[in-house]
A.B. asks: 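Let me begin by handing over the structure; questions about it come next.
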Amino acid sequence: MTRHVVASTSEIPPGGNKVVQIGGREIVVWHISGEYFALLNRCPHEGAPLAKAVCVAVLHAPEPGRFVRTRVGEMLRCPWHGWEFDVRTGQSYFDPVHCKVRSYPVKVAPGGELAQGPYVAETFPVTVEESYVLVEA
Amino acid sequence: MSVTLERPTPKAKPRRKRAAAATLTVIDCDIHPGLHSTKELFPFLTKRWQQHLINYAVHFRTPYTSTTPYPRSAPLLARRDAWPPSGRVPGADLDFMRVQHLDELNVEYGVLQVLDSLVFSLQNLDFSAAMAGALNDWQAEVWSRPEPRLKASVLVPQEDAPAAVKEIERRAPDKRFVQVNLSPRVAEPIGRKRYWPIYAAVQAAGLPIGIHVGGYGGHAPTASGYPSYYNEEHHSNAHSMASSMTSLVIEGVLERFPKLRFLFIEGGFGWVPSAAWRMDKHIARFRDEVPHLRRMPSEYVKQHFWFTTQPIEEPERTGDMRTLIDWIGWDRLLFSSDYPHWDFDDPRTAFKLPLSEAERRAVLHDNAARFYGLGGA
């Protein structure tokens, strides 16, 4: 597993995402309420791009006529058939054990910490003022 | 742990082709072209009907006048990644359709199914005929001419049989049209005699009939009325297909017009064996009510009906799919994607049942080639 710097934190707006290629895989990095999450950009059902998902809440009804919304914005609703996935774990709502999207650990690090390393690429300038999103994949 | 810096990729690169994709050639029996605005039909409408469209707009035989009766799950029914960058509505941008669908999935031919303005369901029958004609011109000129992979369907004013016959006779010589479209939800069950002139014309033209789900015939979508949810209404698509098949068989349409071939589009196929078994059972008990039927209903079903795959059945035991298709026939199932609608099926991933190369080829390509007479079949 290698850590990849994929974006500055200001680059991805809240509720938005960025699609990156890491080792031949297409990974989507979501920014949800100040936190960042990385998932394979491919629904396990029929392969739809999850970057086009809608961020929804967990909606459930303890009984007909009563509704409860929790974890607002933390479920990804697939752009094709509407399957819902937990952005934190990749687990599907309807079958969390058997049906999940591959998810990757994410870390946010300040530029100062990264700039010291020997790996700064010219194509991705890192400044000490900014912080960055790192995906471990 | 090392830290590498990834080059930013602001635009998503084309998604990787799955292993099978490169080798598959697909005939897609259900592609929905979109009208960005009904004004785009003006070149194909007389001044009289242009003015009618401006003054009165499109109205269906349904109690719901300013909206569709059910929420349709996604804006304009569409995949959320199918909105073209041009700003046109999903399905209304040919270049984007080529890139996202025809090229991406290696579609050799796609059959257009026009749901815009739903001509079958228009209240005003003369307007229905004018709109059917306009949408047929539009398919031929705006879609099939610049993109020969796209084949057109003859739309007809289904409630006005003589006008429908004229439209069929007018289009039949044009090889861009590969079928006649009918709706399963019309004023009366589609096997009733008021529609027989249409069947006579279609048989004479030698075209197959594609019946796509949907339509507003003035009746509730289920036999017990208007359900509360899209969930239920969507499910009732299968019921409307089963009723249509029953009507066509029992009314004797297939005895009277033995060369007709029907393709049921987007209605599923899990219900087909049980519908046929039940019809057979009833025939054994009250055959003398319908003496015009000279064979068992299941025989008509196996001879005259084909089915598209989408939305693909997803039984919890995938092996049940094989049992099901074995009954229906591996030569009777035709791939359809429903692009650009939200319930789209991807030919590379939709089939959870492992298929042999021959089965895959039959369902994704050869059956449709034979059914429509495409690709030298």
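It should be emphasised that the depicted structure is a prediction, and the values quoted were computed from it without experimental measurement. Throughout, a chain's letter reflects where its sequence line sits, starting with A, and its residues are numbered from 1. Computed from heavy atoms alone, side chains included, the values below leave out hydrogens, waters and symmetry copies.
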A.B. asks: In this structure, are over 12 heavy atoms from other groups packed under 6.0 Å from B/N231 atom CG?
C.D. replies: no
A.B. asks: List the atom of A/P44, the atom of B/K352, and the distance in Å for their closest heavy-atom pair.
C.D. replies: O-NZ, 4.3 Å
A.B. asks: Please determine whether the number of non-hydrogen atoms from other residues, nucleotides or ligands lying under 6.0 Å from atom OH of B/Y229 exceeds 12.
C.D. replies: no
A.B. asks: At a heavy-atom separation under 4.5 Å, does B/A350 approach chain A through its side chain, its backbone, both, or neither?
C.D. replies: both
A.B. asks: Rounded to the nearest 0.5 Å, what separation is found between the OG atom of B/S337 and the CD atom of A/E46?
C.D. replies: 10.5 Å
A.B. asks: Side chains of A/K52 and B/R79, heavy atoms from C-beta outward: is any pair under 4.5 Å?
C.D. replies: no
A.B. asks: Please check: side-chain N/O of A/H45 versus main-chain N/O of B/T349, any donor-acceptor pairing under 3.5 Å?
C.D. replies: no
A.B. asks: Distance-only criterion, 3.5 Å: show the donor-acceptor pairs between side-chain atoms of residues 57-69 of chain A and protein atoms not counting sequence neighbours.
C.D. replies:
{"from": "A/E63", "atom 1": "OE2", "to": "A/R66", "atom 2": "NH1", "distance (Å)": "3.3"}

A.B. asks: Any idea which heavy atoms bring B/F344 and A/H81 closest together, and the distance?
C.D. replies: O-NE2, 2.5 Å
A.B. asks: Mind checking side chain to side chain contact (heavy atoms under 4.5 Å, CB included) for B/S356 and listing every partner two or more places apart, or none if nothing turns up?
C.D. replies: B/A358, B/E359
A.B. asks: Hey, is CZ on B/R361 packed in by over 12 heavy atoms from elsewhere, all under 6.0 Å?
C.D. replies: no
